Amino acid sequence: MIRCGIGYDVHRLAKGRKLILGGVEIAHTYGLEGHSDADVLSHAIADALLGAAAAGDIGQHFPNTDQSIRGISSIEILRQVTALLADNKTRPINVDATILAEAPKIAPHIPAMRKLIAQAIGVHESRIGIKATTNEGLGAIGRNEGIAAMAVATVETK
């Protein structure tokens with residue numbers, strides 16, 4: 001059976017944090033605030049995969065109250081989500097995602113993001129689509145207060 005899931009995440013920008021998107025550290029004045037590395041792209045993908053498998057959400061499996069996972073790499077979260085899916089006889093087929101950010105420029109980092117995400121979920125890079133857009137100055141994203149991402153994932157369950 002083929003199933004689809006959707007994921008969304010947003011984090012506030014903060015000084016003194018690294019900016020990690022899709023597992024890639026991007027030079028920027030601000031990073032994203034969060035319990036993990038706050039990688040909104042990886043979080044949205046994890047939620048899309050979990051949703052497609054009807055396996056809950058990222059907060060259920062990686063709660064921000066669990067101090068043992070404070071600072072966890074979101075690429076590691078994707079690996080663990082993929083293992084959870086495998087335990088349920090489900091495998092990722094493809095992912096399509098969009099990052100919403102006014103700055104920095106995301107496009108130069110997309111090939112590295114695709115590679116890391118593909119490795120983490122066990123698919124070929126050609127099955128990972130990543131795009132970036134701005135919010136045209138509108139809302140919290142447009143005011144550079146945060147970065148968001150949304151993703152759709154397709155999985156196959158046997």
Side-chain angles (χ1 to χ4, degrees), residues 5-53 57-59 61-64 66 68-86 91-137 139-155:
I6 188 167
Y8 173 83
D9 195 33
V10 63
H11 283 267
R12 185 181 322 270
L13 284 162
K15 282 199 180 250
R17 296 271 302 187
K18 292 178 180 178
L19 179 58
I20 310 287
L21 292 171
V24 175
E25 185 174 338
I26 299 171
H28 192 51
T29 311
Y30 297 93
L32 293 169
E33 194 175 278
H35 184 72
S36 66
D37 62 8
D39 178 344
V40 293
L41 177 59
S42 295
H43 291 183
I45 293 169
D47 260 349
L49 290 167
L50 288 165
D57 63 35
I58 192 170
H61 295 279
F62 304 92
N64 63 7
D66 184 349
S68 72
I69 59 170
R70 178 166 286 287
I72 187 173
S73 160
S74 296
I75 291 295
E76 179 57 29
I77 288 174
L78 284 175
R79 286 186 192 106
Q80 290 185 32
V81 164
T82 302
L84 185 150
L85 267 59
R91 68 177 183 88
I93 296 175
N94 79 305
V95 169
D96 185 36
T98 302
I99 301 167
L100 297 96
E102 295 299 308
K105 292 290 184 193
I106 304 299
H109 306 284
I110 289 175
M113 291 177 191
R114 289 179 67 212
K115 181 176 184 175
L116 287 171
I117 292 165
Q119 289 171 348
I121 69 170
V123 300
H124 190 271
E125 287 175 52
S126 66
R127 293 178 178 229
I128 305 295
I130 300 173
K131 300 162 306 294
T133 191
T134 69
N135 238 27
E136 297 293 330
I141 302 297
R143 291 188 301 271
N144 283 307
E145 294 174 16
I147 295 176
M150 54 187 151
V152 175
T154 306
V155 301

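A quick note: this is a predicted structure, and the numbers were derived from the prediction, not measured.
- Nearest heavy atoms, Ser42 versus Ser74: CB-CB, 3.5 Å.
- Atom-to-atom distance recorded for Leu21:CG and Leu116:CG is 12.0 Å, nearest 0.5 angstrom.
- Between His11 and Leu32, the shortest heavy-atom distance links the atoms O-CD2, 3.4 Å.
- Atom CZ of Phe62 has more than 12 heavy atoms from other residues, nucleotides or ligands within 6.0 Å.
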- [ ] Determine, stepwise, if the pair Ile20 / Ile75 fulfils side-chain contact (heavy atoms from CB on, under 4.5 Å).
- [x] CA-CA 10 Å; Ile20 310 287; Ile75 291 295; over 6 Å; no
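- Pairing each heavy atom of Leu78 with each of Ala46, the nearest pair is CD2-N, 3.6 Å.
- Glu76 pairs by the side-chain hydrogen bond (donor to acceptor under 3.5 Å, both in side chains) definition with Arg79, Gln80, not counting sequence neighbours.
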- [ ] Begin with the C-alpha distance, continue with both residues' side-chain angles, and end with the deciding distance and a verdict on side-chain contact (heavy atoms from CB on, under 4.5 Å) for Arg127 and Ile93.
- [x] CA-CA 7 Å; Arg127 293 178 178 229; Ile93 296 175; 3.5 Å; yes
TODO: Using the side-chain contact (heavy atoms from CB on, under 4.5 Å) rule, take Leu13 and Glu33 through it: C-alpha gap first, then chi angles, then the decisive distance, then the call.
DONE: CA-CA 6 Å; Leu13 284 162; Glu33 194 175 278; over 6 Å; no
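- The two residues Ala148 and Tyr8 come nearest to each other via the heavy atoms CB-OH, 3.7 Å.
- Interatomic distance, His124 NE2 to Lys115 NZ, rounded to the nearest 0.5 Å: 11.0 Å.
- Going from atom CG of Leu84 over to atom CG of Leu50 covers 6.5 Å, rounded to the nearest 0.5 Å.
- Remark: side-chain polar atoms of Asp47 are paired, donor with acceptor, to backbone N or O of Ile58 under 3.5 angstrom.
- Atom-to-atom distance recorded for Ile77:CD1 and His61:NE2 is 11.5 Å, nearest 0.5 angstrom.
- For Arg91, the salt bridge (Lys or Arg N to Asp or Glu O under 4.0 Å) partners at least two apart in sequence or on another chain are Glu156.
- With respect to the salt-bridge test (charged N to carboxylate O, under 4.0 angstrom), the residues Asp37 and Arg17 do not qualify.
- Between the side chain of Arg114 and the main chain of Ile128, a donor-acceptor pair closer than 3.5 Å is present.
- How far NE2 of His109 is from CD1 of Ile99: 10.0 Å, rounded to the nearest 0.5 Å.
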Open item on the list: Pair Val155, Leu49 - check side-chain contact (heavy atoms from CB on, under 4.5 Å), show working.
Closed with: CA-CA 7 Å; Val155 301; Leu49 290 167; 3.9 Å; yes
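- None of Leu19, Asn135, Val10, Leu100 except one satisfies the side chain to side chain contact (heavy atoms under 4.5 Å, CB included) rule with Ile147; the exception is Leu19.
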TODO: Would you please test Asp9 and His43 for side chain to side chain donor-acceptor pair (under 3.5 Å) and show each step?
DONE: CA-CA 6 Å; Asp9 195 33; His43 291 183; 2.9 Å; yes
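- Of the possible donor and acceptor atoms, none in the side chain of Asp96 sits under 3.5 Å from a partner among the backbone N and O of Val152.
- Atoms OG1 and CD1, from Thr98 and Ile106 in turn, are 12.0 Å apart once rounded to the nearest 0.5 Å.
- Here the closest non-hydrogen pair linking Gly22 and Ile117 is CA-CD1, 3.9 Å.
- Here the side chain of Lys18 pairs no donor or acceptor atom with the backbone of Glu25 at under 3.5 angstrom.
- For the pair Glu136 and Glu102, the tightest heavy-atom approach, listed with the atom from each and the gap, is N-OE2, 3.3 Å.
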